[in-house]
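Taking it in order: structure first as structure tokens, then the write-up.
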There are 2 protein chains.
Amino acid sequence: MVPYDRCFRTLANPLRIRIIELLKKRPMAVSELSKQLKAERSKVSHALKKLKECNFVESERRGKRNIYSLTKSVLNDVKVKGNIFDVIKTHVEKYCKNKRRCKV
Amino acid sequence: MVPYDRCFRTLANPLRIRIIELLKKRPMAVSELSKQLKAERSKVSHALKKLKECNFVESERRGKRNIYSLTKSVLNDVKVKGNIFDVIKTHVEKYCKNKRRCKV
DNA sequence: ATAATATGTGAAAATAATTTCACATATGGT
DNA sequence: ACCATATGTGAAATTATTTTCACATATTAT
């Protein structure tokens with residue numbers, strides 16, 4: 001079976017990529033992301049859920065807000081010998097072991 | 001705008017990934033891919049078309065057959081300083097400049 | 001020229017993903 | 001306790017992708 005096409009599927013979406021681009025600058029709450037992206041709040045919520053399932057982002061409660069930030073997988077530089085697929089493979093092996101959080 | 005979500009979209013498909021995995025071994029004709037994958041021939045054809053549009057594969061006529069092989073982008077090792085997205089970016093910038101072949 | 005083999009392609013049908021919206025939950029302030 | 005704010009979530013409606021199939025094209029051999 002193919003273990004990493006789910007990661008690609010999660011990345012195959014303009015909104016989700018734009019979220020990642022925004023979070024590169026700094027961690028943000030859902031409402032702020034929504035505002036910056038001019039996108040429906042619940043749309044952003046759904047997008048973040050999928051990003052989280054693949055361990056591209058993580059979240060932390062701060063008061064009423066949920067602050068989302070990129071995981072090490074996305075923030076860290078890639079040190080992979082191999083091609084584009086090996087990069088995804090590495091991500092899955094390194095960051096998606098917890099089946100509960102990422103059923104890749 | 002997002003320039004590389006199209007690449008992710010193309011990779012977000014089990015059949016297309018399996019094709020790439022097979023082509024890692026050696027170049028193959030459509031009918032052989034179809035046989036190995038136990039997938040409809042025209043399904044494989046459609047899949048290859050998308051892979052080609054994103055410059056993941058290329059093809060060469062040999063008699064009646066069309067032999068498909070992976071492009072350098074997929075065969076070569078990644079030497080990218082950056083994260084998973086920089087890898088895709090590099091692919092797009094390096095291999096998808098010809099707008100006629102890849103309208104990313 | 002005809003037949004056989006290999007592949008490509010458009011479009012309808014089937015499936016899957018995204019969007020939207022109403023409602024659920026959770027926290028903090030009054 | 002009640003209200004306001006922030007976010008999550010299920011499900012229907014919408015939209016996009018994949019699959020299937022009939023047919024088109026291309027090459028080779030007879």
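Lettering of chains follows the sequences in order, A, B, ..., and the numbering in each one begins at 1.
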Q.
Is the shortest side-chain heavy-atom distance between B:Glu58 and B:Glu60 below 4.5 Å?
A. no
Q: Drop me the distance from B:Ile19's CD1 to B:Leu48's CG, to the nearest 0.5 angstrom.
A: 4.5 Å
Q) Are the side chains of A:Lys24 and A:Glu21 in touch, meaning some heavy atoms are under 4.5 Å apart? A) yes
Q: Look at A:Arg65 and D:dT7 and indicate whether a side-chain polar atom (N or O) is within less than 4.0 Å of OP1 or OP2.
A: no
Q | Student check: side-chain heavy atoms of A:Leu23 and A:Leu51 closer than 4.5 Å | A | no
Q: Whole angstrom is fine here: how far is it from NZ in A:Lys43 over to C1' in D:dT15?
A: 12 Å
Q. Closer than 4.0 Å, any side-chain N/O of B:Arg9 to the OP1 or OP2 of C:dA17?
A. no
Q: Indicate yes or no: at least one non-hydrogen side-chain atom of B:Ile20 is less than 4.5 angstrom from one of B:Ile17.
A: no
Q) B:Ser45 side chain: which of D:dG8, C:dT9, C:dC21 is closest? A) C:dT9
Q) In whole angstroms, how far is the P atom of C:dT5 from the CD1 atom of B:Ile67? A) 18 Å
Q: Quickly work out the B:Leu15 CG to C:dT15 P distance and round it to whole Å.
A: 17 Å
(Q) Tell me the interatomic distance from B:Leu11, atom CG, to D:dT17, atom P, rounded to whole angstroms. (A) 14 Å
Q. Does any non-hydrogen side-chain atom of A:Pro14 lie less than 4.5 Å from one of B:Arg9?
A. yes
Q | Within one Ile-Leu-Val-Met-Phe-Trp-Tyr cluster: A:Ile67 and A:Phe56, side-chain cutoff 4.5 Å | A | no
Q) Side chains of B:Met28 and B:Leu22: does their closest heavy-atom pair fall under 4.5 Å? A) yes
Q) Starting at CG of A:Leu51 and ending at C1' of D:dG8, how long is that distance when rounded to a whole Å? A) 15 Å
**Q.** Side chain of B:Lys50 - closest among D:dT18, D:dA16, D:dT20
**A.** D:dT18
Q) What is the distance, rounded to the nearest whole Å, between atom NZ of B:Lys49 and atom C1' of D:dT18? A) 14 Å
Q. If only atom types and distance count, is the side chain of B:Arg61 paired as donor or acceptor with the main-chain N or O of B:Gly63 below 3.5 Å?
A. yes
Q.
Without decimals, in angstroms, what is the distance between B:Glu40 CD and C:dT15 C1'?
A. 16 Å
Q: Would you please determine if the base of D:dT9 is stacked by A:His46, with stacking meaning a centroid separation under 5.5 angstrom and planes under 30 degrees?
A: yes
Q | Side-chain touch A:Leu15/A:Lys43, heavy atoms, less than 4.5 angstrom | A | yes
Q) Do any side-chain nitrogens or oxygens of A:Tyr68 fall under 4.0 Å of OP1 or OP2 in D:dG8? A) yes
Atom pairs under 3.5 Å: protein N/O with N/O of nucleotides 24-29 of chain C:
none

**Q.** Close residues, residues 25-38 of chain A, relative to DNA chain D [heavy-atom separation under 4.0 Å]
**A.** A:Ala29, A:Val30, A:Ser31
(Q) Please determine whether a side-chain nitrogen or oxygen atom of B:Asn66 lies at a distance below 4.0 Å from atom OP1 or OP2 of C:dA6. (A) no
(Q) Taking only side-chain N and O atoms of B:Asn13, does any of them lie within less than 4.0 angstrom of OP1 or OP2 on D:dT17? (A) no
Q) CZ of A:Phe8 versus P of D:dT17: gap in Å, rounded? A) 17 Å
